[in-house]
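Heads up, the thing below is written out as structure tokens.
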Number of protein chains: 2
Amino acid sequence: MAGVPETGLGHLRVTLTETAYIGPGRADLLEGIAETGSISAAGKRMGMSYKRAWSLVQALNEGFGAPLVEASRGGAAQGGAHLTDLGTEVLTRYRAMQARTAEAIAGDVAVLRALIADMSGKK
Amino acid sequence: MAGVPETGLGHLRVTLTETAYIGPGRADLLEGIAETGSISAAGKRMGMSYKRAWSLVQALNEGFGAPLVEASRGGAAQGGAHLTDLGTEVLTRYRAMQARTAEAIAGDVAVLRALIADMSGKK
DNA sequence: CTCCGATATGTTCATTCGGACATATCGTGT
DNA sequence: ACACGATATGTCCGAATGAACATATCGGAG
């Protein structure tokens, strides 16, 4: 339950085109696939069904007009999935944008948090 | 249809506490209330029902632990709503954060857009 | 030729969410 | 007393979403 992410930044969704966008959920899934080499393993790790993870991958690939994830069935490793160069680039850039955003808004976040803490405490 | 916002930044949601957060939809509603002086007018302008707009205001006020919007019924102006100091501060800061974020990620967005434009065009 | 593990899909059911209506309330003018 | 305009709530229904289950397929290993 990452209700309040450490940084204070909740969600950052970057829209590249009408159908191509990347947000925290998709990024985490891409990261999971990169690390586990499997859609189902990545999904399970995030507590979602394989079906849902697979659907997200579909939406991602179709939305971007080019595959971010490539999967294979059977074979030596009994199937699996991996990020394409595009997928890796998108993930890396997204993480970078998250970091820059967190830094850019840190000041405002601190001020607002102090403000609501005050109003709640007082009356 | 603001599918792809001019800036390229899609959604920015800032989480202050477990229940207090502000995103594009809420910010637009706050702005609408500030400008129209009415929850229903602001909602209508955004194409949502009064009920929904009112529900959002409730969630906002309860989530922050202090009211961002204060409303009144009857009276000289036949009721209306306005932002509290906290509401104004939250809205202003949010717009500022949006601007800083857009600036911070502009470079990455440009690169990614060029990349997907390429892949779609070629092959 | 069967087994295995992961992808690929379809179906069904429960829950959530929003839209559409329907009222009720309030407080100043007329 | 009544009308008006906006807030304040409740109910009901259809669409969308996701969880759960059930298969089907692929391709190398044994």
Side-chain angles (χ1 to χ4, degrees), chain A residues 1-3 11 13 18-19 21 23-64 66-84 87, chain B residues 1-3 10-11 13 19 21 23-64 66-84 87:
Chain A
M1 298 303 172
H11 285 67
R13 178 186 299 176
E18 198 70 37
T19 56
Y21 63 93
R26 290 178 165 201
D28 287 349
L29 183 61
L30 285 181
E31 196 168 77
I33 292 173
E35 291 176 6
T36 66
S38 154
I39 294 177
S40 74
K44 186 166 299 183
R45 202 173 70 167
M46 295 179 62
M48 67 172 72
S49 65
Y50 168 75
K51 179 76 180 282
R52 174 149 173 60
W54 180 83
S55 297
L56 279 176
V57 170
Q58 286 303 301
L60 226 20
N61 287 345
E62 288 176 15
F64 276 73
L68 305 201
V69 175
E70 273 178 348
S72 61
R73 291 187 290 191
Q78 275 80 49
H82 65 94
L83 299 192
T84 62
Chain B
M1 301 293 178
H11 284 67
R13 178 185 300 176
T19 57
Y21 63 93
R26 291 179 164 202
D28 288 348
L29 183 60
L30 285 181
E31 195 168 80
I33 292 173
E35 291 175 7
T36 65
S38 153
I39 294 177
S40 75
K44 185 167 299 183
R45 202 173 70 167
M46 295 178 62
M48 68 172 70
S49 66
Y50 169 74
K51 179 76 179 280
R52 176 153 173 55
W54 180 83
S55 297
L56 279 176
V57 169
Q58 285 302 301
L60 226 20
N61 287 345
E62 288 177 15
F64 276 73
L68 305 199
V69 174
E70 272 177 349
S72 60
R73 292 188 290 191
Q78 275 79 53
H82 65 94
L83 300 192
T84 61

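To find a chain, count down the sequence lines: A is the first, B the second, and so on, and within it residues start at 1.
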Test item: [X] and [Y] side chains (from C-beta on) under 4.5 Å apart, heavy atoms:
X      : Y      : value
V69(A) : T84(A) : no
R52(B) : S55(B) : no
R26(B) : Y21(B) : yes

Using heavy-atom distances to pick each residue's nearest nucleotide on DNA chain D, tell me which of A76(A) and S49(A) is more 5'.
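By nearest-heavy-atom nucleotide position, the 5'-most residue is S49(A).
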To the nearest Å, how far apart are [X] [atom1] and [N] [atom2]?
X      : N      : atom1 : atom2 : result
I33(B) : dA6(D) : CD1   : P     : 14 Å
L60(A) : dA8(C) : CG    : C1'   : 17 Å
R52(A) : dT9(C) : CZ    : P     : 18 Å
N61(A) : dA8(C) : CG    : P     : 9 Å

5'-most by nearest nucleotide on DNA chain C - G75(A) or Q58(A):
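The 5'-side residue here is G75(A).
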Please confirm whether any donor atom in the side chain of K51(B) sits under 3.5 Å from an acceptor in the base of dT7(D), or the reverse.
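Counting by modelled atom types and ignoring angles, no donor-acceptor contact under 3.5 Å is found here.
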[N] phosphate, OP1 or OP2, under 4.0 Å from [X] side-chain N/O:
X      : N       : value
S40(B) : dT7(D)  : yes
S55(B) : dG18(C) : no
R73(B) : dA8(D)  : no
W54(B) : dA8(D)  : yes

From M46(A) atom CE to L56(A) atom CG, the distance as rounded to the nearest 0.5 Å:
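Rounded to the nearest 0.5 Å, the CE-CG separation comes to 8.0 Å.
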Could you grab the distance from atom OG1 of T36(B) to atom CZ of R45(B), nearest 0.5 Å is fine?
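Between T36(B) OG1 and R45(B) CZ, I get 6.0 Å after rounding to 0.5 Å.
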Just to be sure I understand the rule, does S72(A) reach a base, reach only the sugar-phosphate, or reach nothing, if contact means heavy atoms closer than 4.0 Å?
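Contact class for S72(A): sugar-phosphate only.
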From the list dA8(D), dA8(C), dG5(C), which nucleotide is the closest neighbour of the side chain of Q78(A)?
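Between dA8(D), dA8(C), dG5(C), the one nearest the side chain of Q78(A) would be dG5(C).
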Nearest to the Y50(B) side chain among dA19(D), dA8(C), dT9(D), which nucleotide is it?
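Closest nucleotide to the Y50(B) side chain: dT9(D).
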